[in-house]
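Letters A, B, ... mirror the listed sequences (proteins, then strands); counts begin at 1.
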Protein chains: 2
Amino acid sequence: MAWDTEGTRRRLRDAALVEFAARGFDGTTVGAVASRAGVNKERLYSYFGDKKALWELVLATELERLASAVSLSGVGLDDIGEFAGATFDYHAAHPELGRLLQWEGLQDGPPADAIGRTRHYREKVAHFAAGQRDGVLDRGLDPAHLVFALIALAAWWQTVPQLAEMITGAGPNDQQECARRRRFVVEAARRLASPSRI
Amino acid sequence: MAWDTEGTRRRLRDAALVEFAARGFDGTTVGAVASRAGVNKERLYSYFGDKKALWELVLATELERLASAVSLSGVGLDDIGEFAGATFDYHAAHPELGRLLQWEGLQDGPPADAIGRTRHYREKVAHFAAGQRDGVLDRGLDPAHLVFALIALAAWWQTVPQLAEMITGAGPNDQQECARRRRFVVEAARRLASPSRI
DNA sequence: TTCATTTCCAACGGTACGGTTGGAATATTA
DNA sequence: TAATATTCCAACCGTACCGTTGGAAATGAA
């Protein structure tokens, strides 16, 4: 059996994602990650340095995946709706991401890659602002607020799934309700962004 | 100096709120709560039983305060906007609440007082549904989704304050930006709820 | 095949934490 | 005032956890 160093590293990273999402940094033990990966915990220290470094790597990796999976191409109402829908889809397919970001936000300290993420979001804001100048999107709302609100509409479902269940009565595996929520998110995004009728 | 049992209990509860909001259940030590309260930790066990019971009490107390502070009286668009605005205000004035609810949601186990909270939210859904039947609110959206979305628009700012800062560039103590956000939230709520123009 | 390197194994060491304890001090009650 | 109850104090106990360690086993290279 040849040494599969990269395989072992990947197993540890994957296990860490599951454990960190479930329990956060403080609640996750190095032993649990190693056990889930079927690896001795000493390997974790050898490959990643320490628990904190592994946390940061997992977070950075998940953020990269999100950024490359959800894009905003145009500035039409359909584009806005689809951005919200795609964000919803990604969060629904990756519930561990929302949990990770929540744990992150609740911890002390600056966000991971704050500069890169800020730039990424500001680009979206500029994109929206251009759509407003073109009269495609409503000019009456701050574009930054609009970006923020679209993410809220899309991500909140996975951020507080227990609240969603209390309000709608639907459990986490109800695919029809998930589809209905997506349609709602897309429609809500369009309403928010469309030029004012007042 | 007479024994101030109730005062000591209150100091412990208040200290627990601060510590639990900051660090969550797992990250909070009983010693830190007692130290913040200026009380020996043995008193905490005497008054509240254990750490878990104190957590549950703090959570229940904060939920009661929220429920009695934010109400939805009518079903007009102004009422909807004001509900969203009042929710925003409460969260802005009590950042520890959002943090507590997040920590709660991330923990294993059912939400505190799930039955009571479910009833409370379902009443709001019914309220919205009545507004839809009266033609005051848009009939094209699921009222449960609408309730959920309004809470999202109002509460997301305090749920992910670091994201808000990355997107808007405004720090946590910018009162003018806070007022702008509230106006946005009220306007967004009205747009979502108003009868369809399509 | 031998030597060097990496991985595996499981125990270790030091620190932290929840909950408990016994005795002293203080407040309350009769 | 004496007896009783409560609070204060700080140490204790058992468990958990991060990061490290030394030696054995396995792999890779010459």
Given protein heavy atoms under 4.0 Å, the one-letter contact record of nucleotides 11-23 of chain D, with B base, S sugar-phosphate only and - none, is simply ------SBBBB--
Rounded to whole angstrom units, what separation is found between the [atom1] atom of [X] and the [atom2] atom of [N]?
| X | N | atom1 | atom2 | value |
| --- | --- | --- | --- | --- |
| Glu19(B) | dC17(C) | CD | C1' | 14 Å |
| Glu6(A) | dT6(C) | CD | C1' | 16 Å |
| Arg43(B) | dT26(C) | CZ | P | 16 Å |
| Leu44(B) | dT7(D) | CG | C1' | 14 Å |
| Trp3(B) | dC9(D) | CH2 | P | 13 Å |

How would you list all residue pairs meeting salt bridge (charged side-chain N to carboxylate O under 4.0 Å, His left out) that involve residues 37-62 of chain A, not counting sequence neighbours?
->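 Only Glu62(A)-Arg65(A) qualify under salt bridge (charged side-chain N to carboxylate O under 4.0 Å, His left out).
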Please list all pairs passing the salt bridge (charged side-chain N to carboxylate O under 4.0 Å, His left out) test where one or both residues lie in residues 103-130 of chain B, with sequence neighbours left out.
->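 Non-adjacent pairs meeting salt bridge (charged side-chain N to carboxylate O under 4.0 Å, His left out): Glu104(B)-Arg117(B).
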Indicate every side-chain donor-acceptor pair of residues 145-152 of chain B with a distance under 3.5 Å to a residue at least two apart or in another chain.
from: His145(B); atom 1: NE2; to: Glu177(A); atom 2: OE2; distance (Å): 2.8

Where Ala22(A) and Arg99(A) come nearest, the two heavy atoms and their spacing =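 Smallest interatomic distance, heavy atoms only, reads O-NH2, 3.0 Å.
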Could you check whether Thr8(B) gets within reach of a base, just the sugar-phosphate, or nothing at all, counting any heavy atom under 4.0 Å?
->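 Touches nothing.
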Set of residues satisfying salt bridge (charged side-chain N to carboxylate O under 4.0 Å, His left out) with respect to Arg9(A), sequence neighbours excluded =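 Per chain and number, Arg9(A) pairs via salt bridge (charged side-chain N to carboxylate O under 4.0 Å, His left out) with Glu6(A).
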Sequence neighbours left out, what passes salt bridge (charged side-chain N to carboxylate O under 4.0 Å, His left out) with Asp79(A)? Give chain and number order.
->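 Asp79(A): no salt bridge (charged side-chain N to carboxylate O under 4.0 Å, His left out) contacts found.
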Is the shortest side-chain N/O distance from Ser46(B) to OP1 or OP2 of dT6(D) below 4.0 Å?
->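 For dT6(D), neither OP1 nor OP2 has a side-chain N or O of Ser46(B) closer than 4.0 Å.
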Respond yes when some side-chain nitrogen or oxygen of Tyr47(B) is under 4.0 Å from OP1 or OP2 of dT6(D), and no when none is.
->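 For Tyr47(B), the contact criterion (side-chain N or O under 4.0 Å from OP1 or OP2 of dT6(D)) is not met.
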